Number of protein chains: 2
Amino acid sequence: MKQRLAAIGTVETLPHRVAAFLSREIESGELNPGARLPTEQELSEKFGVSRNVVREAIAQLRADGMIEARQGIGAFVLAPEQRAAIRIDREALKDTHNMERLFELRCILEAESAALAAARRNQGHLDSIKAALDRMGGEERWEEGSIDADLLFHREIARATGNSYIHTFISFVCEQIRHSIHYARMTNPLHDLVEINVGEHVRIYQALVAGDAEAAEAAMRAHIVGAANRVGVKLPLSKAGGAK
Amino acid sequence: MKQRLAAIGTVETLPHRVAAFLSREIESGELNPGARLPTEQELSEKFGVSRNVVREAIAQLRADGMIEARQGIGAFVLAPEQRAAIRIDREALKDTHNMERLFELRCILEAESAALAAARRNQGHLDSIKAALDRMGGEERWEEGSIDADLLFHREIARATGNSYIHTFISFVCEQIRHSIHYARMTNPLHDLVEINVGEHVRIYQALVAGDAEAAEAAMRAHIVGAANRVGVKLPLSKAGGAK
DNA sequence: TGATACATATCATCCTACAACTTACCTCGA
DNA sequence: TCGAGGTAAGTTGTAGGATGATATGTATCA
């Protein structure tokens, strides 16, 4: 229970709230690329906070490449292509459609990465993956633990590709999905237990051991479609259903 | 020429430098997850800047989920899988190996997305893609313009998938690659002209028009492997070469 | 007219002060 | 001795003002 509290405990600090407000205004199109933001002083008056708070908020947006501040002139909204970071709005994930899209992206990333992992994995990778698999179905089967193991399983496979960017991207997407499901479980007691299909994981692992890229990719694809279904999201993937 | 200056003009502000320093220290493992950062005062003394600057730097790291600050206690390094944002170190991309990995990720993302786009595109999407294609080979063939069109071409295809996350991820990865190549061109006059293969793009476009998912995926895969080769990166993709 | 100097607006940085929160220690009473 | 409660110190969060750096517009003057 304390784990939950710790996981939630993201205190809403003032700079965070100001940044979120401005961020939404930009994403929603109320502030178009090229538009100039109000001055720091105007913002501090508008939100009723000190200029320091405004500056911390702007520092964050600037680091993300959402705005560009120029000394003596002001701060301007940048085009979406110029973003220096990818950030996913967790509020938006409460919408099932968005969840579906995220699962689709995950499937694309993980399926082909599984094929790469099958071709490149070494014994150390296999050991790590096996360890996660064991934890998943093992005695530590209280919910948080097995979900952690599930995520670790996927991360270790991503690591076995030897490509750190793939690892980063997959970890990130999986974590967003995990957080969103975690939240949904808390607000909707019906989904109290998240069912983890161990069989699907075993098939992926076996394909990796065999070094069979095609089988690994197919197994991963089937697994993610299954995982999506189990949380109430049905994937409209073209490939997943028929091809191959 | 002014375009270049505008593109480069990322002023190194003090908070940015402090954030970069701490970020590297975390990524490199000198500060492990769970470790506590020095206090704001200590950091401000160490870097010779005001506490305000340190706070802006920390605000950025916190927004990225790299650290967690708790009032009255201090700031602590979070585990990599808790990151709230994906950010790519542009310095690291000067290493060809990293560039290769990024191209590999791009290939995974774009190949399958091209298949999705072929299945879901409507006439509006095709028009936008065609417009980018025309700009690429058209009269506006000075370097910056055709590179912009190239990127736009890929972004429009991503948009045709109807999945905003796919669009975001692909835009981001392409932009990182573009920036890195841009930089390489400036420091190495040998690669002054970036060759853009229009034929490869046309084949992708034709597959999209035909609604042929398999052909679109194959064409996209071939194109990205080709593009990587033209900037001196050879992709070791398993699928790209042989498997159909 | 054209160029220079000045005033203004804005961001960048610094400084100090206080509030809110946590921890550790210390005192005091049973 | 031991426990409860309070106190002090340390740390982050927020406020507000002061000064430097930079860009823009304006007024002055040759």
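Numbers restart at 1 for each chain; the letters A, B, ... are given by sequence-line order, proteins then strands. If you're wondering where the values come from, they're calculated on a predicted model, not measured in any experiment.
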A/D95 side chain vs A/H97 backbone, donor-acceptor pair below 3.5 Å: yes
5′-ward residue of the pair B/P15/A/G72 relative to DNA chain C: A/G72
Ionic contact status for A/R178 with A/D150, cut-off 4.0 Å: no
Note: B/R55-A/E56 ion pair, threshold 4.0 Å (strictly below): yes
Please tabulate, one pair per line, each protein N/O and nucleotide N/O from nucleotides 5-7 of chain C that are separated by under 3.5 Å, including the distance.
none

Euclidean distance, atom CD of residue B/E68 to atom C1' of D/dG13 [Å, nearest integer]: 15 Å
Donor-acceptor pair, side chain of B/N98 and main chain of B/A92, under 3.5 angstrom: yes
Backbone of A/N197 reached by a side-chain donor or acceptor of A/H201 within 3.5 Å: yes
Atom-pair distance (CG on B/L14; P on C/dT13), nearest Å: 4 Å
Side chain proximity check, B/N32 to B/V77, heavy atoms < 4.5 angstrom: no
Value in whole Å for how far the P atom of C/dA20 lies from CD1 of B/I73: 17 Å
Ring centers of B/H223, B/H154 separated by less than 6.0 Å: yes
Backbone N/O of B/L109 and side chain of B/S113: donor-acceptor pair under 3.5 Å: yes
d(CD, B/Q41; C1', C/dA17) in whole Å: 13 Å
Cation-aromatic face contact A/R83/B/F172, 6.0 Å, 45 degrees: no
Integer-rounded Å distance: D/dG20 P and A/Q71 CD: 13 Å
Selection: residues 42-59 of chain B, any non-hydrogen atom under 4.0 Å of DNA chain C: B/G48, B/V49, B/S50, B/R51, B/N52, B/V53
Positions of residues 31-40 of chain A (non-hydrogen atom under 4.0 Å from DNA chain C), listed by number: A/R36, A/T39, A/E40
Euclidean distance, atom CD of residue A/E12 to atom P of C/dA20 [Å, nearest integer]: 19 Å
Lys/Arg N to Asp/Glu carboxylate O, B/E156 vs B/R159, below 4.0 Å: yes
Member of B/R87, B/R90, B/M99 meeting the side-chain contact (heavy atoms from CB on, under 4.5 Å) criterion with B/Q176: B/R90
